[in-house]
Amino acid sequence: MEKIFLHKNGVITKKGKKTITSVLKLLGNTIEIDEIFTLGSFFAMVKKYPDLKNISEILEPLLEIILKNRGSEFKTEELESLLFYKIIEIKGFPGSPNLNFYTNLKGVVGKEILDLKFFHLENLLDLKLKLGKLKHVVFGDREDAFQYETFYTLFEFVEGIAWELSFNFNPLECSIRR
């Protein structure tokens, strides 16, 4: 699999060359992200490469929220960074066994992983975004989950972040935090 690099400013490069055409042909490529890549970098990438908006219907409304509230965002002090990672979950007792694959986007404070559902998108934009290891959860035992090195494709990254952020639609005016 070929690798692409996602820069802090939202530019995608492949073999050191800036991608200027449609990124749809890159969706299956594995990604590597800049050490200072943020959630804001993610949205800069989506804005720079509009074809990415075709992956999820939620990306356009998320971009509108960001543009509408430009300048009012601040970096939340409650989180240190954001972590994007995969989960493989085996279920099966009682009942018939099944295997689920999905991605997560969570907040990080020290070694604690937090849900983002009570945070506003505008307050997460300046947080560093990191790619985590794959977590293997067996029969719901999240305490003893195994972790493995893995890779992420551009499609998994864009779709996974869009899906997770689709649960964060509280208007900033409704915030009880600050």
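This is a predicted model, so every value here is computed, not measured. Sequential numbering from 1 along the given sequence is applied to the chain's residues.
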Worksheet item: What distance do L39 atom CG and I161 atom CD1 have between them, rounded to the nearest 0.5 Å?
Response: 6.5 Å
Worksheet, complete the sentence: CZ (F43) and CG (L124) are apart, to the nearest 0.5 Å, by 9.5 Å
Worksheet entry | For E80 against L127, the heavy-atom pair lying closest together | O-CD2, 3.8 Å
Worksheet item: Which residue, L59, I55, L154, forms the side-chain contact (heavy atoms from CB on, under 4.5 Å) with E159?
Response: I55
Discussion item. Checking the side chain of Y102 only, and the main-chain atoms of G160 only, is there a donor and an acceptor separated by less than 3.5 Å?
Written reply: no
Worksheet item: Are L79 and V108 connected in the hydrophobic side-chain network, where two residues link if heavy atoms are under 4.5 Å apart?
Response: yes
Item to complete: Count the heavy atoms of every other residue, nucleotide or ligand shown that sit under 6.0 Å from CD of E57, and state whether that count exceeds 12.
Response: no
Worksheet item: Taking E32 for the side chain and L6 for the main chain, is one N or O donor matched with an acceptor at less than 3.5 Å?
Response: no
Item to complete: Taking the side chain as every heavy atom from C-beta outward, state whether L131 and T150 have any pair of such atoms under 4.5 Å apart.
Response: no
Practice prompt. Please step through side chain to side chain contact (heavy atoms under 4.5 Å, CB included) for the pair L52 and V23, ending with a clear verdict.
Written response: CA-CA 7 Å; L52 292 174; V23 292; 3.5 Å; yes
Practice prompt. State the NZ-CZ distance between K8 and F37, to the nearest 0.5 angstrom.
Written response: 9.0 Å
Worksheet entry | Check: D115 side chain, K117 main-chain N or O, donor-acceptor pair, under 3.5 Å | no
Practice prompt. Taking the side chain as every heavy atom from C-beta outward, state whether K47 and K53 have any atom pair closer than 4.5 Å.
Written response: no
Worksheet item: Could you give the distance from CD1 (I66) to CG (L125), rounded to the nearest 0.5 Å?
Response: 5.0 Å
Discussion item. Rounded to the nearest 0.5 Å, what separates atom NZ in K130 from atom OG1 in T38?
Written reply: 13.0 Å
Discussion item. Please determine whether residues L134 and F101 belong to a single hydrophobic cluster, defined as Ile, Leu, Val, Met, Phe, Trp and Tyr linked transitively by side-chain heavy-atom distances below 4.5 Å.
Written reply: yes
Worksheet item: Are any of the side-chain heavy atoms of I58 and L165 separated by less than 4.5 Å?
Response: no
Worksheet item: Should the heavy atoms of other residues, nucleotides or ligands under 6.0 Å from CG of L99 be counted, would the total exceed 12?
Response: yes
Discussion item. What's the separation between atom CD in E122 and atom NZ in K68, rounded to the nearest 0.5 Å?
Written reply: 9.0 Å
Fill in: Criterion side chain to side chain contact (heavy atoms under 4.5 Å, CB included) on I12 and L26, from CA distance to verdict
CA-CA 10 Å; I12 299 173; L26 302 177; 4.1 Å; yes
Worksheet entry | Worked verdict on K15 versus E2 for salt bridge (Lys or Arg N to Asp or Glu O under 4.0 Å) | CA-CA 9 Å; K15 297 180 182 176; E2 292 195 60; 3.6 Å; yes
Discussion item. Let's go through K133 and E149 carefully: what are the C-alpha distance in whole Å and the side-chain angles of both, what is the deciding distance for side chain to side chain contact (heavy atoms under 4.5 Å, CB included) to 0.1 Å, and is it a yes or a no?
Written reply: CA-CA 5 Å; K133 293 182 177 183; E149 293 296 327; 2.9 Å; yes
Worksheet item: Under a single-linkage definition using a 4.5 Å side-chain heavy-atom cutoff for Ile, Leu, Val, Met, Phe, Trp and Tyr, are L82 and I87 assigned to the same hydrophobic cluster?
Response: yes
Worksheet item: Taking the six-membered ring for Trp, is the centroid-to-centroid distance between Y85 and Y152 below 6.0 Å?
Response: no
Discussion item. Could you tell me if the side chain of L83 sits less than 4.5 Å from the side chain of L105, heavy atoms only?
Written reply: no
Fill in: No-hydrogen, no-angle side-chain donor-acceptor test under 3.5 Å, S41 and H7
no
Discussion item. Are F157 and F84 an aromatic pair, judged by ring center distance below 6.0 Å?
Written reply: yes
Worksheet item: Looking only at side chains, do S22 and D51 share a donor and an acceptor under 3.5 Å apart?
Response: yes
Worksheet item: Going by atom types only, do N29 and K14 share a side-chain donor-acceptor pair under 3.5 Å?
Response: yes
Discussion item. Quick check: is F155 connected to F42 through a chain of hydrophobic side chains (ILVMFWY, heavy atoms under 4.5 Å apart)?
Written reply: yes
Worksheet entry | Six-ring centre of F151, K3 cation under 6.0 angstrom, axis tolerance 45° | no
Discussion item. So that I can tick it off, tell me whether E156 and K86 are bridged by a salt bridge, with the cut-off set at under 4.0 angstrom between side-chain N and carboxylate O.
Written reply: yes
Worksheet entry | M45 with I65, same ILVMFWY side-chain cluster at under 4.5 Å | yes
Worksheet item: Just by distance, do the side chain of Y49 and the backbone of L24 share a donor-acceptor pair under 3.5 Å?
Response: no
Worksheet item: Is it true that K135 and E89 make a salt bridge, defined as a side-chain N closer than 4.0 Å to a carboxylate O?
Response: no
Worksheet entry | Closest contact, heavy atoms only, N9 versus K48 | O-CE, 3.4 Å
